Each structure stands twice: as C-alpha cells, then as structure tokens.
Amino acid sequence: MASSKLRALTVLIILISIAVDASAVAVQDQSEQCGVKSKGACHDKAQALKLKLIAIASILGFSLIGVCLPLFSRSVPALQPDKDLFSIVKAFASGVILATGYMHVLPDSFECLTSVCLPEKPWKKFPFTTFVAMLSAVLTLMVDSFSMSHYRKAFAAATRSGDEENAKNVTPQLEHVGHGHGHGHVQDTKNEGGLNGKDTQLLRYRVVAQVLELGIVVHSVVIGLSMGASDNPCTIRPLIAALCFHQLFEGMGLGGCILQAEYGLKIKSIMVFFFSVTTPFGIALGIGLSNVYSEDSPTALIVVGLLNAASAGLLNYMALVDLLAADFMGPKLQAKPKLQMLSYLAVLLGLGGMSVMALWA
C-alpha cells in the first residue's frame, strides 16, 4: 500500500514538473516575441506596403467625404439643421461615435494593457484602462466647462469695449448688441454673461466640435500607426474596408457638429483637414517607423493603451452628454415623440453598424 502511494506521488510530481516546464517554455516563447515583429505565413513586406499606400488614399477620400457631407447639406433644404431629417442623421452619427468609444477604442486599450508582454505588477493588478477612461471623461467635462466660461467672458469683454469685430470672433450672433457713443451696450435680452440663448447654444456647439475632434484625432493617429507598422497583408486587407466606413460615419458625426458651430470657412477647413489626414498620417508614420516600432513592445503597448483609454473616455462622454443627451432632452425632440422614436432607431442603427465592424477593426 505504501509503495503504491509512493509511486502515485512520484507520478504526480513528475506530471506537475512537466506541466511547469511546459508553461515556463510557453511564457518564455511569449516573452521572446514581445518587441519582435511577427513573421507568420502571411508576412509580406512589399505587398503590405502596396496595401498601406492604397489605405492612405482610400481612407483620406472617405474621411473627406464623410466630414464634408454635412457641411454641404445646407444646399439641401431637407438637411438644414432645423429640419427633422438632420436630427435623425445626427442621431445616427452620434451612435457611431458612441460605439467607436465602447466597441473599438476601449477594447483595444484593454488588449494592450493586459498583454502578456507587460509585467504582472502593476498592469495586471489594477484596471488602468477604466481608470484612465474615467479620468478622461472628468477632464473632458472640465474642458467643456472652462471653455464655456472663457468664451462667455471673452464675449462680454468684447461687447463692453465696443469691439464688434472681436466679438464676432467669439460668436456671430450680435443682432441684440447695440452700439452708441463709441461703445457697445448689452440689451436686456442678454444674460449676465453678455449672451442670449442663441449665443449660448452656438458656443456650446463650438466647444463640442473642438473637443470631439481632439478625441477623434488621437484615436485616428493610433489606428493609423498600428496599421502602418504591420507587415501582414492578411490583417491589412479587411482593415482598409473597415476603416474607410469607420472614417465615413465618424466624419459625418463630426461634420454635423462643425456645421452647427457655424464656423467661418478658415476654421472649417482646418478642422476638416486635421480629421481627414490624421489616420493617413498615422499610417505614413507607421511605415516610417516599421523597422524600429513593434506593437508588442512594452513601451508601445503602454503608450497606445493609455492613449486609447483616454480617447475612449472622451468619446463616450461627448457622445452621451454633449450629443445624445443634449438632443434628446432638448425642446425639439421632446415636443415630437415620433421624431424622438425615429432618432432612437437611428442611434441603434449607428451602434449596430459600428459594433459589427468591430469584427474586423
């Protein structure tokens, strides 16, 4: 009996030793791959470069189309910002932006910051992705709030000094500002900040457009860098199609915000330019750094993971608070239950479309 137990114990110890050795080899193999570019069966640097050049041109084109479509909608009466169809299209685009944060950016951050290439402490002991996303959302609220305060004070100072041209740089809505005896005065229709209801809403649109573009630009550069550094045509092919549609719909959301902000041609052009070129720029940067950059190196994983987490928090806040909540709690949709239901369906359609794209990008 004792000898049989001894044999069983010996066999158990041997099996445990084999299992530990196998796991150690596996961990060693994984650690050896960290920081080294993968060269699988589909590795073809020349073919990948051709696809990346195609991606730069096609993504640039789709980005331009997406962000410019709402800007040219003023020539279509049904797509004017005060029309019902515009509200439905904007709800769809807002759903796209919300799904981008939750279904694309946040999972990418989780994947980076929980990689086997990072040390156990502190990256696997603390949920850095959700922590950074939470801080990013609060920081976005702070930027939102302080920006509104700054614009209110700038407008009030301009109107008090009688500098109408300077006031127009803050907001073009000056119909209620009177000027006399070499200085301006604010009529009773103005609030304590020197702004009426229209002015305040316009400033909100401007702050939303600027902060939203910031979050999209950060995310777009990270996406482009990852694609540009890859030498795997099997991965790049489906990414091109997915990112083209991604940029098209995301551009429609940003373009709608730019349209409502009523910027001049110069500012519109700058915002359109930066949105359109950031992903192609990221791809070009990835191509240039492809010999030294590895998406599995600890430094790259940490930087990309933290940037994605911050971008996700910003996008989720903007989509829920400044876009969806502002519209659905506003007087227009509240007064029209049918339009409200159609807008909700549009949101769900945008969410669904971008969620399906998460299968490829």
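Owing to the predicted nature of the structure, the values given are computational and were not obtained by experimental measurement. The figures here come from the full heavy-atom set of this structure, side chains too, leaving out hydrogens, waters and symmetry mates.
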Q | Atom pair CD1 (Ile216) and CD (Glu250), whose distance is rounded to the nearest 0.5 Å | A | 4.0 Å
(Q) Let me confirm one number: the CD-CZ distance from Gln247 to Phe275, rounded to the nearest 0.5 Å. (A) 4.5 Å
(Q) Closer than 3.5 angstrom, by distance alone: can the side chain of Thr130 be matched with the main-chain N or O of Pro127 as a donor-acceptor pair? (A) yes
Q. With distance as the sole test, does Gln334 use its side chain to make a donor-acceptor pair with the main-chain N or O of Phe328 at under 3.5 Å?
A. yes
Q: Kindly indicate whether the side chain of Phe86, heavy atoms from C-beta on, has any atom under 4.5 Å from the side chain of Gln80.
A: no
Q.
Give me the atom names and distance for the closest heavy-atom approach of Ser343 to Ala91.
A. O-CB, 3.5 Å
Q) Can you tell if the side chain of Glu213 reaches within under 4.5 Å of the side chain of Leu254, non-hydrogen atoms only? A) yes
Q) Say you draw a straight line from CD1 of Ile267 to CD1 of Ile258; how long is it, rounded to the nearest 0.5 Å? A) 10.5 Å
Q: Show your working on side chain to side chain contact (heavy atoms under 4.5 Å, CB included) between Gln47 and Arg237 and close with a plain yes or no.
A: CA-CA 10 Å; Gln47 180 66 17; Arg237 281 194 195 94; 3.8 Å; yes
Q.
Counting only heavy atoms not in Phe128 (residues, nucleotides, ligands), do more than 12 fall under 6.0 Å from its CZ?
A. yes
Q: Using a 4.5 Å cut-off on heavy atoms from C-beta on, say whether the side chain of Tyr263 contacts that of Ile270.
A: no
Q. Taking the six-membered ring for Trp, are Phe249 and Phe92 parallel (under 30°), tilted (30 to 60°) or perpendicular (over 60°)?
A. perpendicular
Q. Between Ser220 (side chain) and Thr279 (backbone), is there a donor-acceptor pair under 3.5 Å?
A. no
(Q) How close do Ala335 and Pro337 get, counting heavy atoms only, and between which atoms? (A) O-CD, 3.6 Å
Q | Ser230 side chain to Ser226 backbone, donor-acceptor under 3.5 Å | A | no
Q | Straight-line distance of Leu324 CG to Met318 CE, nearest 0.5 Å | A | 11.0 Å
Q.
Minimum heavy-atom separation for Ser94 and Ala319, please, with both atom names.
A. O-CB, 4.1 Å
Q. Should Leu248 and Phe72 be counted in the same cluster of Ile, Leu, Val, Met, Phe, Trp and Tyr side chains packed under 4.5 Å apart?
A. no
Q: Would you check, one step at a time, whether the test side chain to side chain contact (heavy atoms under 4.5 Å, CB included) holds for Ser87 with Leu342?
A: CA-CA 9 Å; Ser87 298; Leu342 290 174; over 6 Å; no
Q. Is Lys124 atom NZ crowded by more than 12 heavy atoms from other residues, nucleotides or ligands, each under 6.0 Å away?
A. yes
Q.
Within a 6.0 Å radius of atom CZ on Phe146, are there more than 12 heavy atoms belonging to other residues, nucleotides or ligands?
A. no
Q) Would you say the side chains of Gln210 and Tyr205 form a donor-acceptor pair under 3.5 Å? A) no
Q: Verify the cluster assignment for Leu307 and Val132: are they in a single hydrophobic cluster under the rule of side-chain heavy atoms below 4.5 Å apart?
A: no
Q: Give a yes or no on whether Leu259 and Val211 share a hydrophobic cluster (residues Ile, Leu, Val, Met, Phe, Trp, Tyr; joining criterion: side-chain heavy atoms under 4.5 Å apart).
A: yes
Q.
Tell me if a side-chain donor or acceptor on Gln340 pairs with a main-chain N or O of Leu333 at a distance below 3.5 Å.
A. yes
Q: Give me the ring orientation class for Phe245 and Phe62: parallel if the planes are under 30° apart, tilted from 30 to 60°, perpendicular past 60°.
A: tilted
**Q.** Straight-line distance of Ile283 CD1 to Ile236 CD1, nearest 0.5 Å
**A.** 9.0 Å
(Q) Just so I know, are the side chains of Asp44 and Asp231 near enough to count as touching, which here means a heavy-atom distance under 4.5 Å? (A) no
Q: Is it possible for you to say whether Ile56 and Leu243 belong to one hydrophobic cluster, with membership spreading through side-chain heavy-atom contacts below 4.5 Å?
A: yes
Q | Exam field: side chain Thr140 to backbone Ser136, donor-acceptor pair closer than 3.5 Å | A | yes
Q. Sub-3.5 Å donor-acceptor pair from the side chain of Lys52 to the main-chain atoms of Gly228, do we have one?
A. yes
(Q) I'd like to know if the side chain of Ser109 and the backbone of Leu106 have a donor-acceptor N/O pair within less than 3.5 Å. (A) no
Q) Would a hydrophobic clustering, with Ile, Leu, Val, Met, Phe, Trp and Tyr connected at side-chain separations under 4.5 Å, put Leu289 with Val222? A) yes
Q: For residues 300-329, pull every pair meeting side-chain hydrogen bond (donor to acceptor under 3.5 Å, both in side chains), keeping only residues two or more places apart or in separate chains.
A: Lys90-Asp327, Asp144-Tyr317, Arg204-Asp322
Q) Nearest heavy-atom pair of Ile59 and Pro280: which atoms, and what distance? A) CG2-CD, 4.3 Å
(Q) Contact between Met227 and Ile223 at the side-chain level, heavy atoms closer than 4.5 Å - yes or no? (A) no
Q. Is there side-chain contact between Met103 and Met354, with heavy atoms separated by less than 4.5 Å?
A. no
**Q.** Lys83 backbone acceptor or donor facing Lys332 side chain under 3.5 Å
**A.** yes
(Q) Minimum heavy-atom separation for Met252 and Val89, please, with both atom names. (A) CE-CG1, 4.1 Å
Q. Closest heavy-atom contact between Ser58 and Cys244?
A. OG-SG, 3.7 Å
Q.
Measuring only between side-chain heavy atoms, which start at C-beta, is Val272 closer than 4.5 Å to Cys68?
A. yes
**Q.** Leu98 vs Leu315 side-chain heavy atoms within contact, under 4.5 Å
**A.** no
Q | Sub-6.0 Å ring centroid separation between His246 and His104 | A | yes
Q. CD1/Ile88 to CE/Met341 distance, rounded to the nearest 0.5 angstrom?
A. 12.0 Å
